[in-house]
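Comments concern the structure below.
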Amino acid sequence: MSAADSNSPSERGGNTTAASLRGSASRTTAARELLEEVRDTVHRDGEIRPVAALRELAERLERALGQQVEDPRTEAGLRTALPAVYGLLLEAEGEHSDLLTRAIEAARRAGGPSASHEHRADAACNLAALLVRRAIREPTDAHLHAAVDASRGAITAAKHGTLDHQARARGNFSYALRVRYEMQADRGDLLDAVKYGEQAVRILPSGDPSLPGAGVNWIAALARLAHDEPSEPNVDAAVEAGKTVLARTPEDHPLLYKIYSGFAGALMTRFRFRGTRTSLEQARIAYGRAYTTYERDAPTAGSDPAMRASIQASLCDTLIELFKLALAERNETQARVLSRQAVEAGELGRADVDPADPRWSVGTFNLAMAHLAAASTSRTEAEAEGHGSTALELLRALFDNPAVAIPVRLRGARWLIDLAIDLRQPEPVSQAYRTCVELLSELAFPGMNRSSQERLLATWGALTGDAFGWAAGQEWDWKEALTLAEQGRTVLWRSLAELRSPLETLREEHPLLAQEVQDVRATLDTGTAAFHSPDTAVSVTPDGLRRAASRWQELRRHPSVAALLALPDITALRERLGNQTVIYLSANRHRSTALVITRENVRPIVFDDLKPEEVHERATGLAVAVEEFRTSTPGPESAEAFARHLRGLLEWEWDAVVRRIVTSLELTGSPWITAAEAEQRARSLDRIVWCPIGAFALLPLHAAGLYGPDGPVPGQNLLERSVSSYTSTLQALTRPPVRRGKARSLLVEYGLPPTDRRLIGAPKVLSDSQATVAAVAEALGRFDTVHFACHGTQQQDVPSEAALLLADGPLRLLDIPHTSAPRDFAFLAACSTSQGGPLLPDEVLTMASAFQHAGWRRVVGTLWPVQRWASDAVVRSFYGHPGSATAATADALSSAVLKACRARPDRPDRWAGYVHVGPVGTP
């Protein structure tokens, strides 16, 4: 028997305990050494860590946590360190859904009750950073809010940590808010991102290794604010932030190139705001410094081809702006040199970049612009043609890439169309217009906030009229032109869930799928910010954008989504027109065109001598005159000035546009009628429904003509020749008719003297304090006809803010409830209820249109403020006409307007502003 065998059980147990204690102490010591190694790795801000080394470090941490570590603080340190190393591994290895999930789970487990304040702060900051990373990879509403909430919680946890924790928590929160802003465009998020980004920088002392990272985030937030809301304070704040962070960052710091790049972007924003050459030259120098420091630090910080390309693409943009200045100064030699330098920088700005990366779209667009610049300074025709052809191919590649954000593709399309026309290549133009109109429908898809929809459609909405004009003048059939116009107009109306778009049905039946549709569209929209602010924008990874683009194509095939984006059936719409004549009228960059549409045929009318600029000038002049009339001191002078402007406008409409259409249609009707005949005239005259596109949508076409002191000039006006109405689209015009029974009428009056209720047929009345927003909205669903007698408002720069003013506040345009069954008629006897805004004329964002799209088949509204006594006269004439109680409401209004016109032909401000929206007669 050996000595070992002779030991008693108690002796063997004692030896085991001692060995166990020695092993525990050894594991604790090893764990502490491992933590020191982790700290050294994590705190090397901006430096590259080999993937293999990080993997080994993560595996050692996992093993250490699998063993028993007696010291609770050391164990808490290990739990906190693991997600931090996972985060570094994600940066070095690329996005990995499994690894990211493991990292988030590890971060949630860290920072338990036994952890110190420092470890809890670490754990909270790690979790926040990882959730932000997940939100960028998969920008769903849930992920975005989780990232912001966790980042806000980290600030609380960091109160008891170090200054580094406090700065890191604020930096994470600022970044999370900026990510959410890029997806949802909530201005409050961006303002808070600036605030907390600055706090993070101010907390840290100069020379702190974490300061440059915090500085990059602060500059980015300010630069984004300056870009989206350009003003002297915002632009200057972004530039000053860049100077401050540069001054506090060591020259050898590996993140210096990012600071220079963000600073250069801020300088470019200031240049675009002020137009000062100094800012442009400074931006060129800063981009140069960004590139040289990147090349210097690439071996340490890690090679990122997309980052290198982004700097060069931005430098290309700067050189193009310098090229433009040289041309303006007539320095052709310098312009030629700059254009060639821009091409060289642009080639580098696109090299080795994933086409799904938003920076690829920046590089591609800028390189195309550089080639166009080079073409303009080429010394031979062959050289110019070569640069032009290259630019065309680049723009086509940009436009055809589904992973590129829609506004970026539309911007590329505009240049593509111009260039293809110059190169006499019509097919790319035709294809580009078809795709552009499809993209407009997707542009305002639910998922983008309302203000972004309006801003982007204000920028790109003119493409609809241009597409219509191009199609009408090419060898396409008229159906193509009408299809493009029908699909590209009233995009916002068709996208609003409150108006029961097909997506609303999807949301009710398949809420998870509806949410996915919204999230996918939001993901694809992130590339817009990266395009406009490549130095500072947050964007989804290329893989994420590729997945979103692929998934969107799948979602488009879902029946409910496909219904929202479906092309209208023009043939079926024409068959439902009945005896109506619809006139699509457009003044666009290609030509001024009208399509006269009846159930039997379609006829084009081309106005060769009518320039689009002239139509826009007239529409803008009317908008200015209306605003001056609205804000002027009431009195005969302001009213006469407005009437004088209107007389000139109506005369121009007749001479430039309407006379040609009248001649083409060969409209019947007596050149002059007596007062006795006025009541009967409408039934025997032709009926026109105007569907104006672009600036034409803002004009009173129905009243075009010459008006003398004794009345309308015989044969020289439309009022006595036709009953007119308006519609935003054929689709809105041809809805099924209302089943007529005994009409149920509602009168809403507030803020004006009582209405003669006998005129409207003893209606249900909501007046004074009863006329609340909630009561009116509820009642609208129960009545067939409604008459509003109240004040109305319209903001021309934000037309969707139009409202009827009720007892407890405004009934806004977007608050009009959609009716479950079609309703018959609404008379909006309030100011400006049919007045659109010049920024979004094709959206027809008026109260009258809101009622039409909400289910009211016929609506009467006003184009400008109307005096109460003049309004009463038109209202009495309207309700005294037999057509007011039937489907002939357009006839009734036409008769009432003509009567008012005959009484004061010199005062079109009293009668020309009344318009009818909807069908004339019964299709």
Does a side-chain N-to-carboxylate-O contact under 4.0 Å join Arg274 and Asp236?
yes

Is there a side-chain contact between Asp122 and Arg168, using heavy atoms and a 4.5 Å cut-off?
yes

Ion pair check, Arg308 and Asp352, cut-off under 4.0 Å:
no

Is any side-chain heavy atom of Glu232 closer than 4.5 Å to one of Phe273?
yes

side-chain contact (heavy atoms from CB on, under 4.5 Å) between Ser261 and Met307, intermediate numbers included
CA-CA 10 Å; Ser261 181; Met307 187 64 211; 4.1 Å; yes

For the side chain of Ser361 and the backbone of Pro358, is there at least one donor-acceptor N/O pair under 3.5 Å apart?
yes

Looking only at side-chain N and O atoms, does His165 offer a donor or acceptor that is under 3.5 Å from a partner on Thr162?
yes

State which residue, out of Leu325, Leu327, Leu319, fulfils the side-chain contact (heavy atoms from CB on, under 4.5 Å) condition with Phe323.
Leu327

Please evaluate residues Thr278 and Phe271 with respect to the criterion side-chain contact (heavy atoms from CB on, under 4.5 Å), reporting the C-alpha separation (whole Å), side-chain torsions for both, the decisive distance (0.1 Å), and the verdict.
CA-CA 8 Å; Thr278 302; Phe271 161 72; over 6 Å; no

salt_bridge(Glu251, Arg289) N-O dist < 4.0 Å
yes

Cationic N near anionic O, under 4.0 Å, Arg248 to Asp208
no

Quick one: does Asp317's side chain get under 4.5 Å of Phe365's, heavy atoms only?
no

His227 NE2 to Thr269 OG1 distance, which is reported to the nearest 0.5 Å
6.5 Å

So do Leu315 and Ile311 actually touch side chain to side chain, heavy atoms under 4.5 Å?
no

Check: Arg340 and Thr377 side chains under 4.5 Å, non-hydrogen atoms:
yes

Side-chain contact test, heavy atoms from C-beta onward, threshold under 4.5 Å: evaluate it for Ile259 versus His253 and give yes or no.
no

Ala124 to Ala157 - nearest heavy-atom pair and separation:
CB-CB, 3.7 Å

For Ala342 and Ile320, work out which heavy atoms get closest and say how close.
CB-CG1, 3.9 Å

Could you check whether any side-chain N or O of Asn234 sits under 3.5 Å from a backbone N or O of Glu229, counting only pairs where one atom can act as donor and the other as acceptor?
yes

Cationic N near anionic O, under 4.0 Å, Arg102 to Glu105:
no

Parallel, tilted or perpendicular for His387 and His371, by the 30°/60° rule?
tilted

Between Lys324 and Glu321, is the closest basic N to carboxylate O distance under 4.0 Å?
yes

Can you confirm whether Leu222 sits close enough to Trp218 that some side-chain heavy atom of one is under 4.5 Å from a side-chain heavy atom of the other?
yes

Looking at Lys195 and Asp192, is there a salt bridge between them, counting it only when a charged N and a carboxylate O are closer than 4.0 Å?
no

Validation row: Ile104, Leu127 side chains within 4.5 angstrom (heavy atoms):
yes

Would you say the side-chain atoms of Thr318 pair up with the backbone N or O of Ser314, donor to acceptor, closer than 3.5 Å?
yes

